[in-house]
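See structure below.
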Amino acid sequence: MDFTAPVLNYALLAPILIVLGGALLGVLIEAFAPRASRHNSQLFVTVASLVIALSALLRVRKQVSVSAAMGSITFDGAGVLFQASILVIAILSVFLIADQENFTALPAAVPGSDEERHSLQTDMRVTEVYPLTLFAVAGMLLFPLSSDLITLFVALEMLSLPLYLMAGLSRRRRLLSQEAALKYFLLGAFSSAFFLFGVAYLYGYSGSITFSGIQASIVGGSGNDVFLLLGIAFISVGLLFKVGAVPFHAWSPDVYQGAPTAITGFMAAATKVAAFGAILRIFYVAFANAEWQWRPALILISIVTMVFGSVVAISQRDVKRMLAYSSIAHAGFLLAGVIALSKAGLEASIFYLFAYGIATVGAFGIVTLVRDSAGEVTDLNRWSGLGKRSPVIASAFAFFLLAFAGIPLTSGFIGKFSIFSAAYESGSTAVLIAGVLSSAIAAFFYIRVIVLMFFKDPAEDGTSVLIPSGLTKTTIAITSVITLVLGVYPAPLINFIASSAFFIR
Amino acid sequence: MNPYNYLYVAGLLFTIGAIGVVIRRNAIVVFMCVELMLNAANLTLVTFARINGTLDGQVVAFFTMVVAACEVVVGLAIIVTIYRSRRSASVDDASLLKR
Amino acid sequence: MLTIQTPEAVMFWVLAPVAVLAALGMLLVKKAVHSALLLAWVMITLAIFYIAQDALFLGIVQIVVYTGAVMMLFLFILMLVGVDASDSLTETIPGLRPIAITAAVGFGGLLVSLIGRATLGHGAVGLDSANGAGNVQALAKLLFSTYVWPFEVVSALLITAALGAMVLAHHQRTVARPTQREQAIARFRGDSLGSAAGLPNPGVFARHNAVDVPALLPDGSAAPNSISATLKARGDMLDSAQFELGEVDNTVTEEK
Amino acid sequence: MVTSTSLVYLIALPLFGAAILLLAGRRSDKWGHLLATALSAGSFGVGLYQLSQMLSRPTAERAITQKLFSWIAVGTFKVDAGLLLDQLSICFVLLITGVGTLIHIYSISYMSHDENRRRFFAYLNLFIAAMLLLVLGNSYLNLYVGWEGVGLASYLLIGFWNQKPAYATASKKAFVMNRVGDMGLSFAIMISFATLGTVSFAGVQAASHTASKAALTAIGIMLLVAATGKSAQFPLQAWLGDAMAGPTPVSALIHAATMVTAGVYLIVRSNFIFDAAPTAQLLVVIVGAITLMFGALVGTAKDDIKKALAASTMSQIGYMILGAGLGPAGYAFAIMHLLTHGFFKAGMFLGAGSVMHGMNDQVDMRRYGALRKFMPITFATFGLGYLAIIGVPPFAGFYSKDAIIETAFNAGGVKGILLGSTALLGAAITAFYMTRVMVLTFTSKERWEDDQHPHESPLLMWIPMAILAIGSVTTGFLFTRGHALVHWLTPVVGERAEGGKVLLQPAVVSGLALVAVIIGVAIAVSKYQLGKVDSVAPQNVSVFTRIARKDLMQDSFNEAVFMKPGQALTALLVKGDDKVIDGAVRGIAATALGTGSTLRRTQTGFARSYAAFILIGAIVLIAAIWVVTQ
């Protein structure tokens, strides 16, 4: 029996491997380093590995390969853009995660027990979140590059498992946090079972599990398309669950609310990039030729998602839940880019993902700062008058909200404009109309929060804004600047995206 | 006999697993139902491997088992944590987050 | 071209209904542990199906890993949570059960009818040629060449799982366990020398030698430590004052 | 086209001011208002310089552009952030910066007791910058940025005195209605991009010759929706009255002179679209005609001086929209009326502010009276504005409004007669309600309480009023000398068609208009100057009894013939305004909120029902894909 040794192109795999290496180093630090020094060394290792991975990625950004890992991943321009976005978002999120106030001191301690009290008093911290974050980042980096279904599945689990865990590590309201973890986990496992079932049918349809094999079968298939449609439907359930599209969205408000805010920001921003990266690749590469089959269903889901997210967000009273519904609406907007199925759609989606991700990290970064004596204050009523007490923080938050609403001179406007134009160009007038309508509805609740912060009298219950730590401040400042720059002068980024946004088969 | 019969069985098992997730309240049983769904997917994969005459399906099934094992570890850890906090493993009791 | 032999057909028609019934039973039994056992049975059936379908390796792995390890983990957790606990099967969320059953019937019906309509461009091929060099060898070849990247990445997943379990379950000590020396010091430098000679046994120096009556210390006071914690927790502790001698002060001092 | 590098300073100066004032915070409390005023004046200076440069160039080279940077480049779609200054935008630039600077000066004194005066000036500067961007953008997308920017600044300013919940509600209402208009604009931009492949003015103009009529009509209608939102036109007019909650200088600047006229600018700027899409153009005319009547009738019923002026603004913008809808014949007159209106209405609002200043912020005209004696300067400036708005020759409004009425009459056929008569009737009603305002405030008897001490406003407040009053007197005359403004704008809006059939000669129209004005004034004078006004005890001086009786008779006559139906109609319209439109806005908001709350209930918190969603979603997905596969 002949066996040829596999060849891996380590230069192209370097970003993923470096992040994984950082994670392993983190595990070793957990095992061997003295407790007092763990936090700083973990933070250093995490940021360093992310930065090195980013530079490794930029070094090979011009390369293109389908055989970087024996056909399991495809390294191309769009992949580089997804990976770069994820790494940038991850670095900014790690700065938020570094704030100790986010995480419980001892996850194993029962809430309210003496053990928990002791652990809080002795200033313990769960430094394991750093390697977990890195594992999740590695999974996210792999997800949009995967070009066979096994790798896609493994990457999906790899980015999900750490997030399930981290969702349960909140410092305050731990019961809610643990509940969020349970819900996220159970529903995530449920949806990944659907995903796997879809993998099985796609394999049955084409006899291959690579995207190119599936595409070849769609082009030259001789049987009927029943297994294909089952495969597409079930795989879509798994993927749409991750991005929070209606009706697979129900987990996201609960999990966004329950999870530690820094993790929520990371999850909301980076997972969206990774999952939409994978969705774009699989629909643009594997399923492109079956377009007329899946497109109507996806248009339906896109419209329902954007309208549902925008309408329900209006009646939310909790800022994290409101941002969750806003992220649902944004998932609907982003699906418009998938539906477009054109280069313009791909470019617009990538821009939108980056812009949205950055603004999301910034917005959640601000949520971590608004506190009272019992921890973060997420009740919107208690945010009233924030603009009077902390004008800078409130203005930054208002600015992010304007970006979400797609007001000109913010990144959100450019993103919305280009993505809806792409959808319209490809003939989806309904998506355009629904998109503009629901962004008009959405603007209503974003502005409502702004009015609340600036035009209402401060609530008199001691809600205050924490003086941000240096790292949080850095994140908020960088995200605000990027959001502004992308709104005022996005041309360089758009050109860069245009020059390298392509999928190879 | 037609090998498609295995697909029907897998489909039924998957459906049963899915309904189990919806109607059972014990988190552990819910999770077992998810495992049943994964097993149904595996049976489909193995059957298709035989129908298509390639082994890729079996490789996927193998990976699924590994991944499922990881998932079980994480999932049961989360369930035990919840149980220790609430003295209950019912998914309905964990419903403070809503609206 | 694949032809299925009669023995396999017989095996299928015997085991498949049983597997489906077992799966249904899993939904309907009250006790979680019974569900687990039924699931284990389904898994074993599937293992047999795998072997029958030329997936020898997977069949064995299914038994060893799935039935052997994963299901045991489930049972272990069930033991931890309380093996006797049985679920009530009455639905508490209004309207969910009819919706769930309708959805399930619709889902199953749709699935089965679609599978019935599906055609592939080719008949069932069979794995005789693919398994020519042996199932394990052929799988290994795929696993270590074509799919080596996901194979390597899965290791990260395993580490994640291990780390995750550690995070959620590992109790780091928040206060250092007192050493013997510290315990000894605490005993002798404490408020009283009452326990300097070690914990008193029940009944010593008492007019009553039942285990639920605290011993009296040399100074005549009651020694709550002499009572088993269980009895104390149950409240089955008598006040030794009712047996007091009179001239010595023997009021019970509650220890925290 | 000539390129320039200095256009950006027009916008940069006020934007810089806003940034400084907001970022420096309380540190700039002492000098912030001065800086803001200086920068606004500086921008006006740049505008004057540009005008002089423009005049020195031959007609064909008067329009200049400046490319700031390449803003969006998605595939073949390129939008530069670029500025365009042509004969049309320079009019706006000078109006915005000129009136804006005067209002800055006025506000220094008017807002001097407000502890947040610096913030107010920052918003004012922000508004000026956004408004300049709106009129200077060289594409619909750039215009949209300014459009949203003025919206934002306007909400900030309406809600500036946000202590009262009603004010916050007002800014919210303004927001919702404007949002509808904004959607129109964004639809127009996207349709234009999708069908014409460009969104720059020059590109759309070039493409409009070849594009399908349907697409142009769609774009035109969407632009009209945008204009109705921003310019408070029927049916999106309701927010303007409530927007009066803001400080009075804001009302003068934003809700009289500049922002609300953006809709007129948009339509005139898009003349090439409307000329090619007659259906859309007809809709413009209808909207204009309805609004001018509507606003005028509402104006007769308001006792709040600012709300009466707001209704009047609505009506006057109706005239402009009507003019703009009449095609090349009317564009220049619409702009002319816009400019003259900018002067006299801003002046009157400042006058109203001055009155409120002297009357302890009393806004009810029934509590005024005889203020002429106490506020001679305010009376004079307000009076000049009044003469201008009702169209007494030779004041500005006479020229500009008559031109529109005349063009309307000459639009041809039944349409022309209908439009002309509407405009004429509107002029009569305008004369009536403006006289009412004038009489109730200045000339009738005192009706205020004893603790009021009316007094004239300080120098810094009356100087801007005086300057605006001079403008109200002279501008109309200046613009019409040798058809100056018409010729000036011709390169932008196209040549007037000459030699059409003329229904009525200009002199006849002027005559009719004057008669209409005199009737309106007479009714108002008889009813309010000579008659009784509520909240005043009737003085039974015998000498006047006969006259009073006669008035009574006239009143009865008026009531029977004119006032009763008029009042009924007015009541209906006002009610419609409050209940229907308001109700619609509230209804939309409530529906959205209600739907949101209902859908929110699906979020039960039970993981199992979420799983049921996923299961049902999977079924729907399979079914949806299967249905199309069949």
Side-chain angles (χ1 to χ4, degrees), chain B residues 1-9 11-20 22-26 28-29 31-33 35-36 39-40 42-43 46-47 49-56 58-59 61-63 65-74 76-81 83 89-90 92, chain C residues 2 4 8-9 12 16 19-20 23-24 26-27 32 35-36 39 42-43 46 49-50 53-55 58 61 65-66 69-70 73-74 77-78 80-81 87 91-92 96-97 100 104 107-108 111-112 115 120 124-127 129-130 138-139 142-143 147 150 154 157-158 160-161 164-165 168-169:
Chain B
M1 193 191 87
N2 190 330
Y4 277 36
N5 288 350
Y6 287 108
L7 298 181
Y8 291 121
V9 174
L12 287 177
L13 292 180
F14 191 89
T15 312
I16 292 170
I19 187 175
V22 179
I23 67 170
R24 290 301 299 249
R25 268 181 295 179
N26 185 327
I28 302 175
V29 179
F31 193 22
M32 287 197 288
C33 290
E35 292 300 317
L36 180 64
N39 271 279
N42 271 355
L43 180 59
V46 171
T47 308
R50 193 186 192 195
I51 293 174
N52 285 325
T54 57
L55 283 174
D56 303 69
Q58 292 193 10
V59 176
F62 175 65
F63 272 102
M65 289 180 188
V66 180
V67 170
C70 298
E71 219 173 57
V72 167
V73 170
V74 170
L76 290 180
I78 292 175
I79 291 173
V80 168
T81 315
Y83 176 77
S90 160
D92 284 5
Chain C
L2 176 74
I4 290 181
E8 189 187 341
F12 178 82
V20 173
L24 272 177
M26 207 185 126
L27 295 189
S35 291
L39 179 61
V42 176
M43 286 178 172
L46 292 190
F49 284 173
Y50 293 169
Q53 299 209 67
D54 296 333
L58 278 185
V61 171
V65 173
Y66 239 129
V70 171
L73 197 54
F74 267 106
I77 298 299
L78 279 174
L80 205 67
V81 169
D87 281 6
E91 184 56 65
T92 45
L96 186 64
R97 176 152 295 174
F107 184 81
L111 199 57
V112 168
I115 295 173
L120 288 169
V125 178
L127 286 169
S129 71
L139 273 182
L142 274 179
L143 208 52
Y147 298 118
V154 156
L157 205 56
L158 289 163
T160 311
L168 290 187

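C:Leu111 touches chain B through its side chain: at least one heavy atom from C-beta onward sits under 4.5 Å away, while N, CA, C and O do not. Both the backbone and the side chain of B:Val59 come within contact range of chain C, each with at least one heavy atom under 4.5 Å from a heavy atom of that chain. Proximity to chain B is absent for every atom of C:Ala69, based on heavy atoms less than 4.5 angstrom apart. When heavy atoms are compared at a cutoff of 4.5 Å, C:Val20 approaches chain B by way of both its backbone and its side chain. With a threshold of 4.5 angstrom between heavy atoms, B:Ile78 approaches chain C through its backbone and through its side chain. Proximity to chain B (any heavy atom under 4.5 Å) is restricted, for C:Leu142, to the side chain, taken from C-beta onward. For B:Phe63, the part lying under 4.5 angstrom from a heavy atom of chain C is the side chain only. With a threshold of 4.5 angstrom between heavy atoms, B:Asp56 approaches chain C through its backbone and through its side chain. Heavy atoms closer than 4.5 Å to chain B are found in both the backbone and the side chain of C:Val112. Proximity to chain B (any heavy atom under 4.5 Å) is shown, for C:Ala55, by both the backbone and the side chain. Only the side chain of C:Tyr66 comes within less than 4.5 Å of a heavy atom of chain B; its backbone N, CA, C and O stay farther away. For a residue to count as touching a neighbouring chain, one of its non-hydrogen atoms must lie under 4.5 Å from one of that chain's; by this rule B:Thr81 touches chain C with the side chain only. The parts of C:Tyr147 that come within reach of chain B are both its backbone and its side chain, each placing non-hydrogen atoms under 4.5 angstrom from that chain. For a residue to count as touching a neighbouring chain, one of its non-hydrogen atoms must lie under 4.5 Å from one of that chain's; by this rule C:Leu39 touches chain B with the side chain only.
Taking chain C as the reference chain and counting heavy-atom pairs below 4.5 Å, the highest number among B:Phe14, B:Tyr6, B:Phe31, B:Tyr83 is found for B:Tyr6. Of the listed residues (B:Val22, B:Val29, B:Leu55, B:Val80), the greatest number of heavy-atom pairs within a distance under 4.5 Å of chain C belongs to B:Leu55. Most heavy-atom pairs under 4.5 Å with chain C, from the set B:Val72, B:Leu43, B:Ile79: that is B:Leu43. Considering only heavy-atom pairs separated by less than 4.5 Å from chain B, the leading option among C:Ser129, C:Ala23, C:Ala165 is C:Ala23. For chain C, the option among B:Val73, B:Ile19, B:Ile16 with the highest count of heavy-atom pairs below 4.5 Å is B:Ile16. When C:Ile77, C:Leu127, C:Leu168 are compared by the number of non-hydrogen pairs under 4.5 Å with chain B, C:Leu127 comes out ahead. When each of B:Ile23, B:Leu12, B:Val9, B:Leu76 is checked for heavy-atom pairs under 4.5 Å with chain C, B:Leu76 comes out on top. Of the listed residues (B:Ala40, B:Gly17, B:Ala49), the one with the most heavy-atom contacts under 4.5 Å to chain C is B:Ala49. In terms of heavy-atom pairs under 4.5 Å with chain B, the best-connected choice from C:Ala16, C:Ala19, C:Ala169, C:Ala104 is C:Ala104. When C:Val70, C:Leu58, C:Val61 are compared by the number of non-hydrogen pairs under 4.5 Å with chain B, C:Leu58 comes out ahead.
Heavy atoms only, all atoms of each residue included: C:Ala32 and C:Leu78 are closest at CB-CD2, 3.5 Å. The nearest pair of heavy atoms linking C:Ala161 to B:Val74 is CA-CG2, 3.8 Å. Among all heavy-atom pairs drawn from B:Arg24 and C:Met26, the shortest one is NH1-O, 3.2 Å. Scanning all heavy atoms of the two residues, the minimum distance from B:Gly20 to B:Cys33 falls at CA-SG, 3.6 Å.
Tested against C:Leu46, the residues B:Val46, B:Leu36, B:Asn42, B:Leu13 include a single side-chain contact (heavy atoms from CB on, under 4.5 Å) partner, B:Leu13.
For C:Gln53, the side-chain hydrogen bond (donor to acceptor under 3.5 Å, both in side chains) partners two or more places apart in sequence, or in a different chain, are B:Thr47, B:Arg50.
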### Task
Begin from the C-alpha positions of C:Leu157 and B:Val67 and carry the test side-chain contact (heavy atoms from CB on, under 4.5 Å) through to its verdict.
CA-CA 7 Å; C:Leu157 205 56; B:Val67 170; 3.7 Å; yes
### B:Gln58 and C:Leu139: CA distance, side-chain angles, deciding distance, side-chain contact (heavy atoms from CB on, under 4.5 Å) verdict
CA-CA 8 Å; B:Gln58 292 193 10; C:Leu139 273 182; 3.8 Å; yes
